[in-house]
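Beneath this line is the structure, given in structure tokens, with notes to follow.
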Amino acid sequence: AKAVRASGAVSVEILVDEMGKVVSASALSGHPLLRQAAVEAAKRAEFSPTLLSGKAVKVKGVLTFNFTPQ
């Protein structure tokens, strides 16, 4: 990506389990050369458990990673 100076936003859909761990991630949009890096970053993310009526639940969401040339 650096060699061709790719930049821009990549949207990644994630599924977070009851413990706050990302269990799946897939790129929805963005530059093809940046998608894999965004998915790998999303898989390393950790969240606080989401509670619904006091019970931890799985949640799905979208993260957006913004890549800028250096």
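- For the pair Leu51/Lys55, no side-chain contact is recorded, criterion being any heavy-atom separation below 4.5 Å from C-beta on.
- The heavy-atom pair separating Val39 from Ala27 by the smallest distance is CG2-N, 3.6 Å.
- For the pair Lys21/Glu46, no side-chain contact is recorded, criterion being any heavy-atom separation below 4.5 Å from C-beta on.
- Put simply, the side chain of Arg44 reaches to within 4.5 Å of the side chain of Glu40, judged on heavy atoms.
- Shortest non-hydrogen contact noted between Ser7 and Phe67 is CB-O, 3.3 Å.
- In the hydrophobic clustering of ILVMFWY residues, with side-chain heavy atoms under 4.5 Å counting as a link, Val22 and Val57 come out together.
- To the nearest 0.5 angstrom, Lys43 atom NZ is 8.5 Å from Ser24 atom OG.
- Annotation: side chain of Val62 is in contact with side chain of Leu28 (closest heavy-atom distance under 4.5 Å).
- The nearest pair of heavy atoms linking Pro49 to Glu18 is CB-O, 3.3 Å.
- Contact between Ala38 and Val10 at its shortest, heavy atoms only, is CB-CG1, 3.6 Å.
- The shortest side-chain heavy-atom distance between Asp17 and Leu15 does not fall under the 4.5 Å cut-off.
- Cluster membership for Val59 and Phe47, using ILVMFWY side-chain heavy atoms within less than 4.5 angstrom, is shared.
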